[in-house]
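Atoms within a ligand are numbered from 1 in the order they appear, just like the ligands themselves.
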Amino acid sequence: MNAALSLGAARRHAMAQLGGISPTPAADTDHLLSAATGLTRTAFRARPEAILEAPARERFEALLRRRLNGEPVAYLTGTRGFMDFDLRLDPAVLIPRPDTEQLVEAALEAPASHVLDLGCGSGCIAIALARAWPRARIDAVDASPAALACARANATALNASHIQFLEGHWLTPVAGRRYDLIVSNPPYIGANEPEPHSGDLRFEPRAALVSGPTGLEALNHIIHSAPAHLTAGGRLWLEHGWQQGGSVREALRAAGFKGVTTRHDLAGHERVSGGYHEAGA
Ligand SMILES: C[S@@+](CC[C@H](N)C(=O)[O-])C[C@H]1O[C@@H](n2cnc3c(N)ncnc32)[C@H](O)[C@@H]1O
């Protein structure tokens with residue numbers, strides 16, 4: 001880019017380059033320009049002739065180089081919207097997906113007072129439920145201390161400090177506790193599936209993405225362990241891969257769940273399944 005560069009020219013230049021690597025070059029450019037300048041998208045669109053001054057321009061060019069190398073926008077800007085709030089993110093946590101909002105919507109269909117989120121990552125699910133149910137007791141577990149640090153910071157910033165965050169393997173840290181709702185978006189990619197050559201997955205923590213050889217291992221573990229932690233009639237909702245709906249429903253029924261049902265994501269794929277357990281176990 002040359003010496004004096006307007007916001008409009010910087011935007012056009014970046015969009016043209018990002019068109020080669022991103023399906024959303026305009027949105028990516030706006031997020032990066034906003035992070036570099038501190039201006040809202042509306043502000044820099046309203047003044048395309050304004051000059052992008054040196055410090056902001058250097059920040060923008062550095063962010064653009066990293067984006068052209070494939071790094072996800074959410075890690076570059078350190079933020080991602082989920083439901084009706086913004087989360088702070090770092091590369092220790094999965095970038096929350098719009099599909100996961102379907103899991104939250106399913107969970108919110110009936111009230112709950114004791115809630116558990118397994119594999120909380122950034123805290124997106126637990127925080128969404130905590131904001132909807134300020135009086136609920138909400139526990140959130142993750143095996144990653146770095147993810148828990150991120151989730152705790154988000155919960156504090158978003159006035160969801162009634163969540164208790166616990167470190168450990170799935171239900172181990174909540175021995176003896178029962179819930180009327182358990183939710184989880186566990187890792188569900190199979191270790192034998194081909195490594196992605198493009199997209200955000202290459203930069204996200206492997207432990208957040210990959211379960212065992214088939215991808216169903218964490219889901220099955222949670223389904224089999226959950227009844228001992230559910231109150232009578234307690235519900236379990238799980239996010240899963242778009243081709244895993246049949247296996248997850250089968251595992252839920254085999255573990256004694258009733259009313260087993262599946263919800264679809266925005267692309268129309270099976271994505272979230274759940275049911276209730278009459279007796280707990
Ligand atoms: C797919 S990410 C979901 C993160 C977040 N809930 C979301 O929806 O964006 C799965 C999470 O499970 C955590 N995890 C993986 N194995 C675990 C285990 N054995 N016990 C507890 N958490 C685990 C990972 O650290 C990661 O944060």
Side-chain angles (χ1 to χ4, degrees), residues 72 74-75 79-83 85-108 115-131 138-155 158 160 163-175 177 181-191 193 196 199-213 215-226 229 236-242 244 248 263 265-266 271-274:
Y75 290 155
T79 182
R80 172 54 57 97
F82 185 77
M83 305 294 291
F85 53 90
D86 287 330
L87 292 153
R88 301 294 304 173
L89 295 184
D90 62 56
V93 295
L94 188 93
I95 300 164
R97 307 290 202 270
D99 293 340
T100 304
E101 297 184 2
Q102 308 296 313
L103 177 68
V104 174
E105 305 277 359
L108 286 173
V115 179
L116 174 62
D117 175 21
L118 292 170
C120 64
S122 62
C124 56
I125 301 168
I127 291 169
L129 298 178
R131 284 162 63 90
I138 300 186
D139 292 342
V141 169
D142 206 287
S144 158
L148 286 167
C150 176
R152 279 195 186 97
N154 277 321
L158 290 160
I163 302 172
Q164 186 180 7
F165 290 99
L166 301 157
E167 183 183 335
H169 176 73
W170 300 132
L171 289 131
T172 313
V174 296
R177 297 192 194 175
L181 172 67
I182 299 177
V183 289
S184 183
N185 173 20
Y188 51 72
I189 295 176
E193 289 177 37
D200 293 356
L201 291 180
R202 293 169 299 157
F203 292 86
E204 292 179 290
R206 191 171 163 83
L209 297 169
V210 176
S211 187
L216 286 164
E217 286 76 4
L219 287 159
N220 284 333
H221 177 85
I222 292 168
I223 290 168
H224 291 291
S225 317
H229 293 273
L236 173 64
W237 279 108
L238 298 164
E239 181 172 328
H240 52 72
W242 66 281
Q244 294 172 330
V248 171
R263 303 289 158 80
D265 63 20
L266 302 171
R271 183 62 66 184
V272 171
S273 294

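Per-residue contacts place Thr100 under 4.0 angstrom from the following atoms of ligand 1 (heavy atoms of the residue considered): 8 (O). Within ligand 1, the atoms closer than 4.0 Å to a non-hydrogen atom of Ile125 are 6 (N), 8 (O), numbered from 1 in the order shown. When each atom of ligand 1 is checked for a heavy atom of Ala207 under 4.0 Å away, the hits are 15 (C), 24 (C).
Contact check for Leu118 versus Pro186: no side-chain heavy atoms found under the 4.5 Å cut-off. Annotation: side chain of Ser211 is not in contact with side chain of Leu216 (no heavy-atom distance under 4.5 Å). Looking at Trp242 and Asp99, their side chains never come closer than 4.5 Å, going by heavy atoms from C-beta outward. Side-chain contact between Arg271 and Arg97 is absent, with no heavy atoms from C-beta onward closer than 4.5 Å. Residues Leu238 and Ser273 have side chains not in contact (no heavy-atom distance under 4.5 Å, counting atoms from C-beta outward).
Atom 5 (C) of ligand 1 has its closest protein heavy atom at Cys120 O, 3.4 Å. For atom 19 (N) of ligand 1, the closest non-hydrogen atom of the protein is His169 ND1, 2.9 Å. Taking atom 11 (C) of ligand 1 as the reference point, the nearest protein heavy-atom neighbour is Gly119 O, 3.5 Å. At the top of the distance list for atom 18 (C) of ligand 1, counting protein heavy atoms only, stands Trp170 CE2, 3.4 Å. When hydrogens are left out, the protein atom nearest atom 2 (S) of ligand 1 is Ala208 O, 3.4 Å; that is the closest non-hydrogen contact. Counting protein heavy atoms only, atom 8 (O) of ligand 1 is closest to Asn185 ND2, 2.9 Å. When only non-hydrogen protein atoms are considered, atom 22 (N) of ligand 1 lies nearest to Ala143 N, 3.2 Å.
Under a 3.5 Å cut-off, the side chain of Asp142 and the backbone N or O of Cys120 do form a donor-acceptor pair. Judged by distance alone, the side chain of Thr79 and the main-chain N or O of Leu87 form a donor-acceptor pair under 3.5 Å. Side chain of Glu204 to main chain of Leu94: no donor-acceptor pair is present (N/O by atom type, distance under 3.5 Å, no hydrogens or angles). For Glu105 (side chain) and Leu103 (main-chain N/O), no donor-acceptor pair under 3.5 Å exists by modelled atom type.
Distances from atom 25 (O) of ligand 1 to the heavy atoms of Ile189, Leu171, Asp142 show the closest one on Asp142. In this structure, of Ser122, Ala146, Cys124, Ala140, the residue bringing a heavy atom nearest to atom 9 (O) of ligand 1 is Cys124. Among Gly168, Ala92, Ala218, Pro173, the residue whose heavy atom lies closest to atom 21 (C) of ligand 1 is Gly168.
Checked options Val183, Leu236, Leu181, Ile182; the residue passing with Leu116 is Ile182 (criterion: side-chain contact (heavy atoms from CB on, under 4.5 Å)).
Checked against a 3.5 angstrom limit, the closest N/O atoms of Pro186 and ligand 1 fall outside it. Considering both main-chain and side-chain atoms, Ser144 never comes within under 3.5 Å of ligand 1 through any nitrogen or oxygen pair. Considering backbone and side-chain atoms alike, Asp117 places every N or O at 3.5 Å or more from each N or O of ligand 1.
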